[in-house]
There are 2 protein chains.
Amino acid sequence: MSRRTRSDNSIQGIPEATIARLPLYLRALYALADRDTACVSSEELATAAGVNSAKLRKDLSHLGSYGTRGVGYDVDYLIYQVSRELGLTQDWPVIIVGAGNLGRALANYGGFATRGFRVAAMIDSDPLIIGTSIGGHRVFGPDEIERVVTRFGVMIGAITAPATSAQSVCNRLVAAGVTSILNFAPVVLTVPDGVDVRKVDLSIELQILAFHAQRRSASKAHPTAEPPAVNGCEPPSVNGKRPVTQQVTRQAHDEVTAEAIGS
Amino acid sequence: MSRRTRSDNSIQGIPEATIARLPLYLRALYALADRDTACVSSEELATAAGVNSAKLRKDLSHLGSYGTRGVGYDVDYLIYQVSRELGLTQDWPVIIVGAGNLGRALANYGGFATRGFRVAAMIDSDPLIIGTSIGGHRVFGPDEIERVVTRFGVMIGAITAPATSAQSVCNRLVAAGVTSILNFAPVVLTVPDGVDVRKVDLSIELQILAFHAQRRSASKAHPTAEPPAVNGCEPPSVNGKRPVTQQVTRQAHDEVTAEAIGS
DNA sequence: GCGACTTTGTGCAAACGTTCACAAGGGCGT
DNA sequence: ACGCCCTTGTGAACGTTTGCACAAAGTCGC
Ligand SMILES: NC(=O)c1ccc[n+]([C@@H]2O[C@H](COP(=O)([O-])OP(=O)(O)OC[C@H]3O[C@@H](n4cnc5c(N)ncnc54)[C@H](O)[C@@H]3O)[C@@H](O)[C@H]2O)c1
Ligand SMILES: NC(=O)c1ccc[n+]([C@@H]2O[C@H](COP(=O)([O-])OP(=O)(O)OC[C@H]3O[C@@H](n4cnc5c(N)ncnc54)[C@H](O)[C@@H]3O)[C@@H](O)[C@H]2O)c1
């Protein structure tokens, strides 16, 4: 279990929360540069990025003193500095595993390449898909993962395969040398130390939205009332056979729990 | 600017961080239920969900005391309680605006419906797409938004339209009565108070991965050395014409900054 | 050349989140 | 029936993140 992420940040000193916002600032900066804005104040940039100006200044101060007091930040200069900090002054080849609905969408996505990310190759296990081209990228079989990763020096992989194969795909990617993984499958991936996993989970986002939506409509309906006497499951008794508590209809789902791999 | 999210949580008392993890627990619980596991300890469930067991217990304690000391949690009972808390005991119709690559992928996604989320309708502005069916869902024109939202009582909308139209699409959704928005466009949306926006931003995730990947390979190459003398932009001087600081080649991009809307 | 004005960069405190560690509580074996 | 043992639920310590408020610093007008 890699818990090193937290301490890694402190040894160099840039908080994770700041890192997560830098791409936001970068996007706002590019938008400003497009409008030929040469210089921007923390207030303006913060508004454009949707954050507090104090937070923005503190975030940027972690990269260095790149502003001019009384004036603001030079847009092009700041774009360069933020890009450098994020490692965007180089190109990043990305391997996409799973050429289904989502994998295709990614491969066809133009915005993918706009920040130096390039699709090195697509991988799929379906013989009918292998050999075809998607978004101008040839699809290879899973056995080519090692070769592609080595050949192009791929460090970043996106997993858009079904949840059931996500962990094994992940293992193959890591074995081949990939150290950063963007996971779209609804699974908790287990990876050795030194490998970075981020997940994009649409289902979770929707559920969070549902929670807030529920709360909103509940407080609309009963401004200050108890929740309407939930008549759901009774607390189950442990001794004896378990009572019938199947009020929630079991729904189909494709999620699996990840099997641990040797760290 | 809606900053009410934070304080809303405290009035009822469930931290936002906890809410964001409940779907994770729910998924792990369903996986356990599928294996006919009747009861689970916080340790096991935490491992399955990829979190610390103390954190899991504290999270669950916010919903109530649904465990049995010395034994653990009844799986079915906990599924019910978590589902109820998240508002998943009811169905949520969702409207998808933008039937392009991503919108199609969502509409075709089976896992979409597995937690009670149903595609109420798809919307697109392209006359060639309007009237066709995607994933079994008829595509309507933007003018039908109001009707669909009212008719089906839609509270949740997903924006998979281009970044340039995302804000106007958002405005129409909000005007029609949608209060929860899942935004896939690389834009900071501005919404009135009482509307909840979550974003899924692939580009940002990749950039965060790139940062860590860069750091890793840098520390591999120069274990304890200064960064290799960046010869990038000089700090620009403010007086006079700005110097040529165009070291970073300007890249194409489709991001825009959101225009403010009323309130 | 100088003073006023503007905006950055940052110390500090409060809010929030995580983790530890253990008392309280309940089942189970005898 | 009783005590042992296991696991929950939670108080307290710790770390992180946010936001305020202001001194430091540089520009611009005169
Ligand atoms: N489509 C969506 O909108 C969406 C939303 C959220 C999550 N997801 C998740 O993303 C993943 C992909 O979704 P999708 O809709 O594209 O599914 P899909 O079934 O359309 O595509 C999956 C592809 O992966 C390939 N594949 C299967 N096993 C493989 C393996 N071992 N190695 C390489 N390729 C393999 C299949 O041949 C198929 O082409 C799933 O895990 C899904 O749960 C999808
Ligand atoms: N495809 C991806 O993998 C991906 C990844 C990250 C982000 N995104 C973002 O998601 C959004 C959609 O991406 P995409 O690849 O599906 O783009 P796309 O061009 O394939 O699809 C966009 C669709 O939106 C429709 N549209 C345009 N204006 C509209 C309007 N005002 N109302 C309704 N529909 C409208 C278009 O007709 C088109 O069908 C974009 O903002 C993109 O930046 C996509």
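Naming: A, B, ... by sequence-line order, numbering from 1 per chain.
In this model, no side-chain donor or acceptor of B:R69 finds a partner on the base of D:dT7 within 3.5 Å.
A donor-acceptor contact under 3.5 angstrom links the side chains of A:Q207 and A:S203, judged on distance only.
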Problem set entry | side chain to side chain contact (heavy atoms under 4.5 Å, CB included) between A:Q167 and A:V187, intermediate numbers included | CA-CA 8 Å; A:Q167 181 65 61; A:V187 194; 5.5 Å; no

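The side chain of B:S42 contributes an N or O atom lying less than 4.0 Å from OP1 or OP2 of D:dT8. Look at B:N52 and you'll find a side-chain N or O under 4.0 angstrom from OP1 or OP2 of C:dC20. Close to C:dG9, at under 4.0 Å from its OP1 or OP2, lies a side-chain N or O of A:Y73.
Counting only residues at least two apart or in different chains, salt bridge (charged side-chain N to carboxylate O under 4.0 Å, His left out) contacts with residues 45-58 of chain A are absent. For residues 40-70 of chain B, the pairs satisfying ring-ring contact (aromatic ring centres under 6.0 Å, His included) are B:Y66-B:Y77, with sequence neighbours left out.
Taking every heavy atom of residues 53-64 of chain B and every atom of DNA chain D, pairs under 4.0 Å involve B:R57, B:K58, B:S61, by number.
Atoms CG (A:D74) and P (C:dT8) sit 13 Å apart, rounded to a whole Å. Taking atom CG on B:L22 and atom P on C:dG17, their separation rounds to 13 Å, with Å as the unit. The CG atom of B:L45 sits 13 Å away from the C1' atom of D:dT8 (whole-angstrom rounding). Between B:E16 atom CD and C:dT18 atom P there is a gap of 12 Å when expressed in whole angstrom units.
To the nearest 0.5 Å, atoms CD1 (A:I208) and CD (B:E16) are separated by 6.5 Å.
A:E85 places no side-chain N or O within donor-acceptor distance of the main-chain N or O of A:I19, the cut-off being under 3.5 Å.
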